[in-house]
Amino acid sequence: MNFKNDVYRNVFKMPAVLYFRKKQMDNIKKYIEQNKERFLNELFNLLRIPSVSAQKDNKETMYRAATNVKDVFISSGCAQARVMDTEGWPVVYGEKIINPELPTVLVYGHYDVQPPEPLEEWTSHPFKPVIRDDKIYGRGADDDKGQLFMQIKAFEYMVKDNKLPCNVKFLVEGEEEISSPSLKKFCIENKKMLEADVILVSDTTMLSLAEPTITTGLRGIAYFELTITGPNRDLHSGLYGGVVNNPANVLATIIASLKDADGCILIPGFYDNVVELSEEERELLNRVSFNEVQFANNIKVKKLHVERGYTVLEGIGIRPTLDVNGIWGGYTGQGAKTIMPSRASAKISMRLVPNQDPEKIKNIFNSYLQKVVPDSVTYQLTPLHGGNPYVISYDTREMRSAVAAIEKVFGKRPLPVRSGGSIPVVADFEEVLGIKTVLMGFGLDTDAIHSPNENFPLQNFYKGIESIAWFYYYYNAD
């Protein structure tokens with residue numbers, strides 16, 4: 001046995017027989033090369049559908065996107081697939097059961113996308129995908145239609161080349177971008193149908209192609225709209241200024257009181273349940289070669305702002321946050337209109353880490369507001385959505401399979417990272433279905449997800465397909 005095989009056998013605990021079966025997978029690159037134009041055409045058909053889940057009048061486009069995904073499931077090798085209604089936007093389910101005695105992988109993804117605004121900042125139309133600079137540009141190119149297609153096409157290869165070593169089920173929803181309000185109930189009602197041994201998700205990022213990483217945790221989220229109301233109408237700022245408390249001023253003062261200059265959140269009790277990583281865990285996390293200057297340059301900021309006592313990587317993944325996502329009130333049109341607004345509002349999100357509960361965060365935030373909002377105005381705190389954080393051990397069978405697959409394709413073992421993003425349904429899967437989720441994402445921080453000019457590098461797309469195919473190979477190795 002040569003050294004490379006010894007590494008795979010000892011580190012990933014795979015039996016030696018695997019290494020004599022490798023030739024069965026040798027034509028994956030050839031398959032991708034021969035079919036990449038078709039892959040892109042099929043993906044572009046889905047990217048052209050404006051499946052924005054946040055917009056309630058999008059019924060036609062949402063169902064069109066769901067039907068598109070169902071049809072691709074069938075053409076790619078699923079024995080059955082169907083669009084299933086929920087209390088919100090529909091779910092698409094597909095499956096290929098080759099032997100009930102074999103392990104089952106449940107692939108999760110979403111076909112809904114973020115709103116494309118501001119449209120004027122897009123170089124090309126958000127729903128007319130193009131290839132530019134070896135990248136796919138369009139809303140959903142990365143998040144999550146492009147990454148979902150990697151999963152489907154890896155599955156297609158394994159089926160059509162008779163290499164699929166396990167059963168595969170697909171669960172693709174249309175509400176991830178609005179925090180999956182219908183999916184938990186759907187999972188409870190369809191628990192038998194969704195039985196599996198592991199969930200596989202591609203909806204996260206890695207550091208770079210040269211420095212591959214794998215996500216071992218997701219932050220949760222608590223998201224609110226806060227409205228401050230004062231007088232019963234907008235007032236003349238000259239006649240009433242100085243004697244009526246301006247709701248916009250009050251809102252600004254409250255927002256300014258939520259964090260200090262060092263990035264620490266000042267709401268009493270906010271950090272009470274935060275799980276601190278050990279020094280060993282922090283050392284492993286920070287072993288990633290992270291270029292802070294390049295990271296800042298990519299988003300055109302002069303300097304990064306990190307919570308006191310933590311590195312940038314820790315600030316991204318293992319620390320909770322509080323951010324204003326939008327703020328409005330009063331006159332914002334062209335020219336002057338000297339009024340004091342009757343109300344002012346802000347959307348505020350808090351990213352949560354293990355042991356923080358969105359419901360408890362809501363309660364302590366509301367208690368804080370009761371103390372700081374002056375009697376001269378009233379406030380309303382409206383929860384918009386929430387989700388729990390998620391963590392998976394780096395040393396499990398499922399993660400070892402993913403690590404081995406990425407190392408096989410990228411030539412370098414991926415280091416573990418915690419993602420700053422949230423996929424609330426992942427924690428729900430563990431609660432309802434009792435299944436752990438492996439997060440094999442291939443996006444980059446330069447992909448501009450949720451922003452104008454969202455993109456996905458072609459190389460990441462192809463390597464993602466290849467890596468997922470190898471995951472199946474390693475997962476059922478023992």
Side-chain angles (χ1 to χ4, degrees), residues 108 176 179-180 183-184 187 198-201 203-207 213-224 258-259 263-288 290 306-323 348-365 383 385-400 402-403 414-441:
Y108 165 82
E176 194 275 343
S179 200
S180 306
L183 194 59
K184 185 174 183 179
C187 290
V198 65
I199 298 171
L200 187 60
V201 175
D203 194 17
T204 51
T205 62
M206 58 171 45
L207 187 62
T213 53
I214 188 165
T215 300
T216 59
L218 297 165
R219 289 193 288 205
I221 188 170
Y223 192 14
F224 309 97
L258 297 177
K259 296 174 72 174
C264 297
I265 298 165
L266 301 176
I267 301 172
F270 185 85
Y271 293 105
D272 282 357
N273 297 314
V274 170
V275 175
E276 297 285 350
L277 268 65
S278 68
E279 289 302 316
E280 292 78 13
E281 290 173 313
R282 293 181 69 177
E283 189 277 331
L284 182 60
L285 175 66
N286 286 289
R287 196 179 296 174
V288 175
F290 184 72
V306 188
E307 182 185 355
R308 181 179 65 251
Y310 294 92
T311 66
V312 173
L313 279 175
E314 291 170 339
I316 290 172
I318 69 168
R319 297 300 294 165
T321 67
L322 185 153
D323 288 289
I348 299 172
S349 67
M350 303 172 191
R351 300 284 177 166
L352 312 179
V353 297
N355 276 23
Q356 284 188 300
D357 176 74
E359 184 67 22
K360 182 174 180 180
I361 294 298
K362 180 196 75 173
N363 292 336
I364 65 172
F365 187 28
H385 60 254
N388 289 307
Y390 172 79
V391 176
I392 184 173
S393 170
Y394 192 54
D395 186 26
T396 63
R397 172 190 174 185
E398 297 83 5
M399 285 296 287
R400 288 194 300 269
V403 168
L415 290 171
V417 295
R418 297 280 189 94
S419 172
S422 304
I423 310 177
V425 73
V426 169
D428 290 339
F429 284 149
E430 187 167 15
E431 177 189 345
V432 176
L433 303 178
I435 314 172
K436 297 299 288 188
T437 297
V438 171
L439 301 158
M440 286 184 71

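Sequential numbering from 1 along the given sequence is applied to the chain's residues.
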Counting distance only, does the side-chain N/O of [X] pair as donor-acceptor with the main-chain N or O of [Y] below 3.5 Å?
{"X": "Lys436", "Y": "Val391", "answer": "yes"}
{"X": "Ser422", "Y": "Pro424", "answer": "no"}
{"X": "Ser393", "Y": "Thr396", "answer": "no"}

Can you find a pair of side-chain heavy atoms, one from [X] and one from [Y], that are under 4.5 Å apart?
{"X": "Val274", "Y": "Arg319", "answer": "yes"}
{"X": "Pro358", "Y": "Ile221", "answer": "no"}
{"X": "Thr213", "Y": "Val288", "answer": "yes"}
{"X": "Arg219", "Y": "Ser419", "answer": "no"}
{"X": "Glu176", "Y": "Asp203", "answer": "yes"}
{"X": "Val438", "Y": "Val198", "answer": "yes"}
{"X": "Leu352", "Y": "Met350", "answer": "yes"}
{"X": "Val353", "Y": "Val275", "answer": "no"}

Rounded distance [0.5 Å steps], [atom1] in [X] versus [atom2] in [Y]:
{"X": "Met206", "Y": "Leu439", "atom1": "CE", "atom2": "CG", "answer": "12.0 Å"}
{"X": "Tyr390", "Y": "Thr216", "atom1": "OH", "atom2": "OG1", "answer": "9.5 Å"}
{"X": "Met440", "Y": "Met399", "atom1": "CE", "atom2": "CE", "answer": "9.5 Å"}
{"X": "Phe365", "Y": "Ile348", "atom1": "CZ", "atom2": "CD1", "answer": "4.0 Å"}
{"X": "Ile435", "Y": "Ile199", "atom1": "CD1", "atom2": "CD1", "answer": "4.5 Å"}
{"X": "Leu218", "Y": "Thr437", "atom1": "CG", "atom2": "OG1", "answer": "8.5 Å"}

Tell me, please, which residues at least two apart from [X] pass salt bridge (charged side-chain N to carboxylate O under 4.0 Å, His left out).
{"X": "Arg418", "result": "none"}
{"X": "Glu398", "result": "none"}
{"X": "Glu280", "result": "none"}
{"X": "Glu431", "result": "Lys184"}

What pair of heavy atoms forms the shortest contact from [X] to [Y], and how long is it?
{"X": "Ile265", "Y": "Tyr271", "result": "N-OH, 2.9 Å"}
{"X": "Pro414", "Y": "Ile214", "result": "CB-N, 4.0 Å"}
{"X": "Gln356", "Y": "Asn388", "result": "O-OD1, 4.2 Å"}
{"X": "Arg351", "Y": "Gly420", "result": "CD-O, 3.9 Å"}
{"X": "Ile316", "Y": "Phe290", "result": "CD1-CZ, 4.2 Å"}
{"X": "Phe224", "Y": "Pro383", "result": "CD2-CA, 3.8 Å"}

request  = Report the C-alpha distance between Ile361 and Ile267 in whole Å, list the side-chain angles of each, state the deciding distance to 0.1 Å, and finish with yes or no for side chain to side chain contact (heavy atoms under 4.5 Å, CB included).
outcome  = CA-CA 10 Å; Ile361 294 298; Ile267 301 172; over 6 Å; no

key: Qualifying residues under ring pair (Phe, Tyr, Trp, His ring centres under 6.0 Å), relative to Phe270, sequence neighbours excluded   = none

message = Holding to ring pair (Phe, Tyr, Trp, His ring centres under 6.0 Å), I want the full list of residues that pass it with Tyr108, two or more places apart in sequence or in another chain.
response =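 Once residues adjacent in sequence are excluded, the partners of Tyr108 under the ring pair (Phe, Tyr, Trp, His ring centres under 6.0 Å) criterion are Phe429.
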
key: Among Leu285, Thr311, Leu313, Val417, side-chain contact (heavy atoms from CB on, under 4.5 Å) partner for Ile318   = Leu285

